[in-house]
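In what follows, chains are A, B, ... by sequence order, proteins preceding strands, each numbered from 1. Keep in mind it's a predicted model, so treat the numbers as computed, not measured.
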Amino acid sequence: MNVNSLYEKPVLFALAAVVVISVGTLVTTFIPLFLPSTQPVSPLFTPYTAVETEGRDIYIREGCNNCHTQTVRPLRAEVARYGDYSRAEESAWDRPFLWGSRRTGPDLARVGGKYPDAWHYRHMANPQAMFGKSNMPAYAWLAKAKLDTSLTARKVKVLGFGYDEAEVARQLAAFRRTVTAPTWPSAQERSRVTPAALRGELTELDALVAYLQKLGRDLMAAQRAAAGPGTAEAAEKKNPYAGNRTAGEEGEKIFEENCKVCHGEKGAGGFGPKLATTKHKFGGTDADLFTTVSGGRPGGMPSFLQPLGKDRIWKVITYIRRLESESR
Amino acid sequence: MANESEKMYTGDNIVQREMRMTNGTRNDSIVRGFALSSVFWLLIGLVIGLWLAAEMVYPSLNLAPWLAFGRLRVVHTNGLVYGFTLAGIFACSFYMLEKLTRTPLAFPGLAKAQLWLFNIAIALAALSLFAGMNTSKEYAELEWPLDIVVVVLWVMFAVNVMGTLVKRREKQMYVSLWFLVACVVTVAVVYILNNLAIPVSLTKSYSVYAGVNDANVQWWFGHNAVASVFTFPILAMFYYFLPKSTGLPIYSHRLSIIAFWSLVFGYLWTGAHHLMLTPVPEWIQTVALAFSLFLIAPSWASVVNGFYTMNGNWDKMKSNYLVKFFILGITFYGLQTIQGPTQAIRALSAHLHYTEYIPGHVHMGTMGWVTMIITASMYFMMAKISGREVHSVKLANIHFWLILVGQLLFTVTLWIAGIVQGAMWKAVNPDGSLKYTFLDSVAAMYPFWTVRLVGGLLYFAGIAVFAYNLYMTSRPKPGTKWSAAAAARSQAA
């Protein structure tokens, strides 16, 4: 057969093209569909609740994935910034996946539990009020939209989350009771951004925040359980900078950048407890403060050991001591 | 041997034989319709792009839910990929098909229906994306009813391409037609397989793939959408319109054969280079990296073919206003296909991925390569079918310089921005703690984003000049052979 005859037979040519594009497709895309390495399942990672599912769909609708990734790469600085690197198992329930391709904003794979709900309500309503240099759009209107749950049961069924319509209704009702209770820790901030008519209902923002609080939580819970209690930095007991004026000034700068958003101007208090006081929630010794800042505390205090390092944590503590003395 | 080499070069004979044909095609109105639709969606897509660039600097411009960055970015990418580029491909394909087969379109009625359905579909696509109906998978954001419309449109196109090829009077298919067939086949396969989803309502569906597999399928699609929309058909235009506008045959037909098959083979292996250092199995990443580097060869074969075609005739860069579009276009294609594979290298991916470097890379391809080639092809084609010269060579030159400078300002700024951003993200103190907060890295970007906006404005000005110039060229000239022929044809019909 003449080689050139292929260029004289369009149908044969098209078939040849199909064969040629199929090789790479088969090897890199089709066969992997059935490999264990692309679909590992672990009981540590649970499917989304009904509310989280709706929140995830709002995340998709608003195109949050265009600016935020959800995959931490196994790189030193990246793990220090966001938390442990992403595992294949974590995405097992994700249809679609939401790893993203661009970080105009930070990665969100480990954001769950990092901040209290109140932080998210205030931030979503007006990011620039919290971070002047942020370029994130405001999503205040999500708090003004009632959550549409008419499709939730069907969604959960299609996604194969393994619970039925009655369970969906139960979850939605229970979540609504939780967030609308006046005693809920983030109730004040939620009421501030939610119009009066919707304060007793579930809003789109409620669902979105619930979804964000789910991200990475299963992994972190599993790791906490595996590590057991009492793994905090036991060796750090004494502040090497105690009373050091320059260290305190440096600490002030670090505080402004990392702590002020939650603990308020000069530690006056906000989402986080007041720091310009001698009565600290988790204890006031050097060792207590270091343990709190480095390891974080339940209820929204993130761990700062990785991003800040021990040295800067002690400088911040030096500044906090100054705030204490100024408060007297 | 002599006989073989003669056969190898028949590609040039086709173009030369075709050159003796009269102006225009049998279906000028369809070609013109797609060309003007393409320019319309180009203008819309760029205005949205400018708005997005401004939002990066002034977040208060996120004035309404439908104007918020997350929704708008999707309208920008889809509007330009599917609205501008596809319409440009349809226009140029129908033109090249008729010319290179010396046969009228097999199904002109179908092509006309395709023109209408296409514009309705793009308008609906834009509205649905503004409304937030999207699947989140990049460049495959359209929800399932519109996916079906896209597939229908593609089948209509494929039927005309294959039908015309089967009916053709020219024995051999020229290289442009191979790339066209590759485009038809590849888009069909990757689009359908990546968009498989289970609907929960008319406007909402969930991917059939989960997690790692969804990511792997998505970027296999994402990368090959780039191949089959931004590469194959644009190369088809390059291989056709460069010889046509210069009168010079392509340097080596043999080289284009090797380049074609290795390009089409290699592209499909590389999707996972978008997923370096993610939970996708490491071997898939490494295979993607290897094939990404391999792709430099066939990509540069086309670059070499383009440059050597000009050998001894470089004065045409000055004397022929179109040549510089094609030569700069293929140059950016060459730079793009060096830059892309280097980004796949793990160490560089670690630094550059997720930064502004990536939009910088993409925009050199789209603003430099794709748009240079499509706009120049349209000047040539529109002048032929309206039976007149281009409305203004001077305006075409202004268009050229504005989009060249605008694009360079835009892309080079973003590359630098990306390198800075990546460096800030990974800078650590001696004790291993991080040197910069994420917000520090955002604050450092504002000067770059402002310059990018300026680049975008220059580029848009160039495209506005093009749109005007092309529109003026597209009006049939009264009293010419073309308008008489067109009148006779419409009377006969």
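Heavy atoms of B/K137 lying under 4.5 Å from chain A belong exclusively to its side chain. Only the backbone of B/K435 comes within contact range of chain A, judged by heavy atoms closer than 4.5 Å. Interface remark: B/L165 contributes backbone and side-chain atoms alike to the contact with chain A (heavy atom separation under 4.5 Å).
In this structure, the separation between CD1 on A/I21 and CH2 on B/W269 is 13.0 Å, given to the nearest 0.5 Å. Here the straight-line distance linking atom OH of A/Y139 with atom CG of B/N62 works out to 6.5 Å at 0.5 Å rounding. Separating the CG atom in B/N194 from the OG1 atom in A/T29 is a distance of 10.0 Å, to the nearest 0.5 Å.
At least one side-chain heavy atom of A/Y82 sits under 4.5 Å from a side-chain heavy atom of B/F438. With contacts defined as side-chain heavy-atom distances shorter than 4.5 Å, the pair B/R168/A/E8 qualifies.
Between B/E356 and A/R102, at least one side-chain nitrogen of the basic residue sits less than 4.0 Å from a carboxylate oxygen of the acidic one, meeting the salt-bridge criterion.
Just one of B/N216, B/N213, B/D214 meets the side chain to side chain donor-acceptor pair (under 3.5 Å) condition when paired with A/T38; it is B/N213.
Less than 6.0 angstrom separates the ring centroid of B/W261 from the ring centroid of A/F13.
Comparing B/G432, B/A182, B/G271 by how many heavy-atom pairs each has under 4.5 Å with chain A, the most go to B/G432.
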